[in-house]
Amino acid sequence: ICWHLFLLRRQKRWFALAVMAGVMRLLLGASDAYLIGMAILLGWMFCYPYPARSVRAKIAHWLLLNFFVFGMSAAQLAPTVEMLSQSARGQGHSFYTLSYWSLSPRRFPESMFPHFSGYTDTLSAADYWGRRIEEDAPFTLILSIYWGAALLFLTAYAGTSRAQIDLFPKKTRRFLLGVLAASMLLAFGKFLPFFALFYDYAPFMRIFRFPIKFLVAGVLPVALLPGCGADILMAGLRRPSRALLAFLWGICAFLLALTVLFAKSKDFSAALQQFFFKFPGDDVSYDGLIISFSHALGIWLMLTLLCHARAHAAGRWQ
């Protein structure tokens, strides 16, 4: 926000506040999070139509921002770098260590279904059936990647819509959607066939010790784009089309069929859990997944009904 306001209003106080925010982020000790943040700032800077800002001026200000951040953090960074150079970390990580916590593709449905991999707020290990997904990493660094199907739909809709919005131009929305897609893709880490090449040749890649940390980059897009998507659908910019309504009702039918089939067919339930969790399931996972699918169905149905009402008669209550 500080960086955006500095480029928009050209006031030095916003630059100073951006520097302080960068210093606080760098002093957290998570260099990968700092690099992700600065990469997003750089991309945002070129994708947002700031008035009368040349490419050279933008790059110069971005480099100056990093210069001041590192300069103000040097009192902590210099001894830390010296200490690390004499430690095991200074020798670098092996590919196995670096990629240990990667996001398994089997966990991807968890982004749409709540508690798809189990519950992480209890003391019973049986409540987290996702521990079976990876044998060598039974508990992952990020225990939940849930955003919700409705939220991801609004994110994708805003990122792909052609609607003109002054606050979030189309180019900026495309950039944010690309950041989200890249964060999910890179988070797969060792499950990607070409990730070893990144490890060997991409600059700064070895700083990202665990690929699942790339999910941090997806937080900003999922924080901004759904509101933009809701604005397009509900604020009169564009009414839901017949094709969109057909898509929404089609997903409703799919979720209903999935929930009913999982609840009524033991064979289907066992096969689905065997595929995702490498075991046929038990009473705990069976009951938990029924609740998960029902929850997703209910939220999606409410979104569909709201869009359906909007398409036929616009009202402020929507």
Side-chain angles (χ1 to χ4, degrees), residues 1-74 77 81 155-156 158-160 165-189 192 194-195 197-199 201-228:
I1 292 175
C2 296
W3 185 241
H4 173 70
L5 291 175
F6 164 68
L7 293 174
L8 199 62
R9 301 178 182 178
R10 301 186 182 185
Q11 295 173 335
K12 294 180 180 179
R13 67 170 179 265
W14 293 116
F15 183 86
L17 287 172
V19 170
M20 292 307 300
V23 168
M24 288 188 289
R25 186 159 197 171
L26 190 58
L27 291 182
L28 290 174
S31 55
D32 43 14
Y34 178 82
L35 289 177
I36 288 174
M38 283 300 165
I40 290 177
L41 285 189
L42 183 64
W44 176 282
M45 187 172 63
F46 287 112
C47 293
Y48 195 91
Y50 292 106
R53 289 280 182 178
S54 66
V55 173
R56 183 176 298 178
K58 290 179 179 178
I59 294 177
H61 282 117
W62 184 82
L63 291 174
L64 196 62
L65 171 69
N66 284 275
F67 174 79
F68 279 115
V69 169
F70 278 94
M72 295 184 68
S73 306
L77 291 181
V81 171
T155 300
T160 56
I165 302 175
D166 293 335
L167 182 61
F168 281 107
K170 184 166 58 176
K171 188 176 181 180
T172 308
R173 302 199 308 267
R174 297 283 195 278
F175 165 72
L176 289 174
L177 187 62
V179 169
L180 175 61
S183 71
M184 293 294 292
L185 183 66
L186 291 173
F188 289 144
L192 294 174
F194 53 82
F195 189 75
L197 295 177
F198 274 113
Y199 172 78
Y201 300 109
F204 304 113
M205 178 54 72
R206 299 194 182 200
I207 294 177
F208 295 89
R209 184 178 178 187
F210 304 125
I212 199 169
K213 288 184 178 181
F214 279 109
L215 291 177
V216 171
V219 173
L220 183 66
V222 180
L224 297 178
L225 288 178
C228 186

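Treat the numbers as computed from the prediction; the structure is a model and nothing was measured. The residues of the chain are indexed from 1 along the displayed sequence.
- Of all heavy-atom pairs spanning L17 and C2, the tightest one is CB-SG, 3.7 Å.
- Atom CD1 of I1 is surrounded by 12 or fewer heavy atoms from other residues, nucleotides or ligands within 6.0 Å.
- The two residues A217 and V179 make their nearest non-hydrogen contact at O-CG1, 3.3 Å.
- Minimum heavy-atom separation, L42 to F46: O-CD1, 3.2 Å.
- Take A33 and apply the side chain to side chain contact (heavy atoms under 4.5 Å, CB included) test, not counting sequence neighbours, and it matches R25, A30.
- Residues that satisfy the side chain to side chain contact (heavy atoms under 4.5 Å, CB included) test with R9, not counting sequence neighbours, are L5, Q11, W14.
- For the side-chain hydrogen bond (donor to acceptor under 3.5 Å, both in side chains) with Y50, the lone residue among H4, R10, K58 that qualifies is H4.
- Sorted by first and then second residue, the side-chain hydrogen bond (donor to acceptor under 3.5 Å, both in side chains) pairs involving residues 212-225 (not counting sequence neighbours) are D32-K213.
- Residues I165 and C228 come closest through the heavy atom pair CD1-SG, 3.4 Å.
- Under the side chain to side chain contact (heavy atoms under 4.5 Å, CB included) criterion, P51 pairs with L8, not counting sequence neighbours.
- Scanning for ring pair (Phe, Tyr, Trp, His ring centres under 6.0 Å) contacts around H61 gives F6, with sequence neighbours left out.
- Across every non-hydrogen atom of L177 and T155, the tightest pair is CD1-O, 4.1 Å.
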Pairs under 3.5 angstrom only: tabulate donor-acceptor contacts from the side chains of residues 65-72 to other protein residues two or more places apart or in another chain.
residue: N66; atom: OD1; partner: Y34; partner atom: OH; Å: 2.8
residue: N66; atom: ND2; partner: W62; partner atom: O; Å: 2.9

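- Residues forming a side chain to side chain contact (heavy atoms under 4.5 Å, CB included) with K170 (at least two apart in sequence, or on another chain): Q164, R173, R174.
- Annotation: side-chain hydrogen bond (donor to acceptor under 3.5 Å, both in side chains) contacts of Y48 (sequence neighbours excluded): none.
- For S183 against L215, the heavy-atom pair with the smallest separation is O-CD2, 4.1 Å.
- The shortest side-chain heavy-atom distance between L185 and F214 does not fall under the 4.5 Å cut-off.
- Of the inter-residue distances, the one linking L27 atom CG with L77 atom CG reads 6.5 Å to the nearest 0.5 angstrom.
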